[in-house]
Amino acid sequence: MYRIAVGMGLGTTEQAERIEFSTADHDDQLADYAACLSPKKSADHLGIRGEMLNRLVSAGLIAPRFDLPGLNPIYHPEDLRLLIEPLVGQAALMDRLPSGYASLVSIGGHAKCRFETVMRLACDGKLTSLSRLNASPKLDGLFVNLDDLRDQLEEPAPSGITRNEAKRLLRINSSTVAWLIRQGWLPATTVKHHRHRRPVTLISREALEAFLADYATLGMMAATAHTQAIHVARRLEDARIFPLELDCRLSKLYPRTSRLERLFDPGRIPEPTPS
């Protein structure tokens, strides 16, 4: 008990068990303390896990009423109510939950964002799809549409060419794109997708053009010549022009030389389409 008194400024550690104070003068403060809930009970009151409560505190969305030295922080029911009640007021009451909705507590996992980010958007009134199925839900009883959340999280799309786009432009298979990236022949960076936020690998247009300055792909030469790749490969072989010695699962790549260019146009990357 003396730790509580010391933490509230009602005495000092030197007084130990002999701290004396007027209960009448501090009645409100003591009543506040007595009404508070432990972190576990506070998390249960909100309908979340304990670590989620800590993240709400770190994000500044709620604070313990008392955080005394040597003691667990405790939370006042009124502060918990002030967090939930405005969200319940915003939420539309529904008879059933449409598809594409998930709880505020779990939807961050689907959108690849943190729980406190979802809560910040909800508290700021930016999630217009916020809904509930009963009159007085906890946070796990409030629901949001995934597309609505993604709209709020969406950022400008980063510039670059994806693996699939590189595969299409170079007319090579996926294994070859992956091999070129691993070898550093196609330098790439991994970023979060601007909408679904999953990792995506991007290659710059300059990297593709630098690669094509030194190499030609069988697929691009065949496409430019409007013929089958086997006919291009056979003619190059007859001219004693051979591809790089790569694994048989990889697409054929040729060093770009003047001899090769006299036989076939190695092609080029199309200009980007104006947005």
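Remember, it's a predicted structure, so these values are computed and weren't measured experimentally. Residue numbers start at 1 and run along the sequence shown.
Looking only at side-chain heavy atoms (C-beta outward), L142 and Q90 stay at 4.5 Å or farther from each other. No side-chain heavy atom of F143 sits under 4.5 Å from any side-chain heavy atom of I107. With contacts defined as side-chain heavy-atom distances shorter than 4.5 Å, the pair L139/M52 does not qualify. A heavy-atom distance below 4.5 Å is found between the side chains of V57 and I62. Side-chain atoms of P266 and E261, non-hydrogen and from C-beta on, do get closer than 4.5 Å to each other.
Both L61 and L104 belong to a single network of hydrophobic side chains, linked directly or stepwise wherever heavy atoms of I, L, V, M, F, W or Y lie under 4.5 Å apart. Hydrophobic clustering of Ile, Leu, Val, Met, Phe, Trp and Tyr side chains at less than 4.5 Å, counting indirect connections, keeps V232 apart from M220. Note on I269: it does not cluster hydrophobically with L218, by side-chain heavy-atom contacts below 4.5 Å among ILVMFWY residues. In the hydrophobic clustering of this structure, Y254 does not group with L180; members are Ile, Leu, Val, Met, Phe, Trp, Tyr whose side-chain heavy atoms approach within less than 4.5 Å, directly or through other members. Cluster annotation: I172 and L244 are assigned to the same hydrophobic cluster (Ile/Leu/Val/Met/Phe/Trp/Tyr, side-chain heavy-atom contacts under 4.5 Å, transitive).
Note that CG of L253 is 12.0 Å distant from CG of D214, once rounded to the nearest 0.5 Å. Distance NE2/H45 to CG/D79: 10.5 Å, rounded to 0.5 Å. Separation of atoms CG (L236) and NZ (K252) is listed at 11.0 Å; rounding is to 0.5 Å. The CG atom of L250 sits 7.0 Å away from the CH2 atom of W179 when rounded to the nearest 0.5 Å. Within the model, atoms NE2 of H76 and CG of L37 stand 8.5 Å from one another, a figure rounded to the nearest 0.5 Å. Separating the OG1 atom in T176 from the CD1 atom in I181 is a distance of 11.0 Å, to the nearest 0.5 Å.
Remark: the backbone N or O of R171 is not paired with any side-chain donor or acceptor of T217 at under 3.5 angstrom. Under the 3.5 Å distance criterion, the side-chain polar atoms of R235 are left unmatched by any main-chain donor or acceptor of F264. When atom types are taken as modelled, the side chain of D148 and the backbone of T128 share a donor-acceptor pair closer than 3.5 angstrom. R132 places a side-chain N or O within 3.5 Å of a backbone atom of A91 that can act as its donor or acceptor partner. Panel note: side chain R256, backbone L212; a donor-acceptor pair is recorded below 3.5 Å. N173 contributes a side-chain N or O that, together with a main-chain N or O of R249, makes up a donor-acceptor pair within less than 3.5 Å.
Nearest heavy atom pair, residue L121 against residue Q152, reads CD1-CB, 3.9 Å. Taking all atoms of both residues into account, the shortest heavy-atom contact from G108 to V118 is CA-CG2, 4.1 Å. Annotation for S159 and L202: closest pair O-CD1, 3.8 Å, computed over non-hydrogen atoms. Heavy-atom minimum distance, I74 versus C36: CD1-CB, 3.5 Å. Nearest approach of S42 to Y75, heavy atoms of both residues: OG-CB, 3.3 Å. Nearest heavy atoms, D67 versus P73: OD1-CB, 3.8 Å.
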What verdict does the side-chain contact (heavy atoms from CB on, under 4.5 Å) test give for L71 and F66, after you've listed the backbone C-alpha separation in whole Å, the side-chain angles of each residue and the deciding distance to 0.1 Å?
CA-CA 9 Å; L71 298 171; F66 294 96; over 6 Å; no
Is there a side-chain contact (heavy atoms from CB on, under 4.5 Å) between M94 and Y101 once you walk through the steps?
-> CA-CA 12 Å; M94 292 187 172; Y101 278 68; 4.0 Å; yes
#### Entry: L83 and C123: CA distance, side-chain angles, deciding distance, side-chain contact (heavy atoms from CB on, under 4.5 Å) verdict
CA-CA 8 Å; L83 178 66; C123 290; 4.0 Å; yes
* Walk me through it: do L170 and L186 pass the test side-chain contact (heavy atoms from CB on, under 4.5 Å)? => CA-CA 12 Å; L170 296 177; L186 284 180; 4.1 Å; yes
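Partners of Y215 according to the ring-ring contact (aromatic ring centres under 6.0 Å, His included) rule, which considers only residues two or more places apart in sequence or in another chain, are W185, F211. In terms of the side chain to side chain donor-acceptor pair (under 3.5 Å) criterion, Q183 has no residue partners (sequence neighbours excluded).
By the 4.0 Å N-to-carboxylate-O rule, D140 lies too far from K138 to be salt-bridged with it. Ion pair E51/R55 flagged as a salt bridge, since at least one NZ, NE, NH1 or NH2 atom sits closer than 4.0 Å to an Asp/Glu carboxylate oxygen. Contact check on R81 versus E78 returns a salt bridge, with a Lys/Arg side-chain nitrogen under 4.0 Å from an Asp/Glu carboxylate oxygen. With respect to the salt-bridge test (charged N to carboxylate O, under 4.0 angstrom), the residues R234 and D238 do not qualify.
Side-chain atoms of S129 and N145 form no donor-acceptor pair, as typed in the model, at a separation below 3.5 Å.
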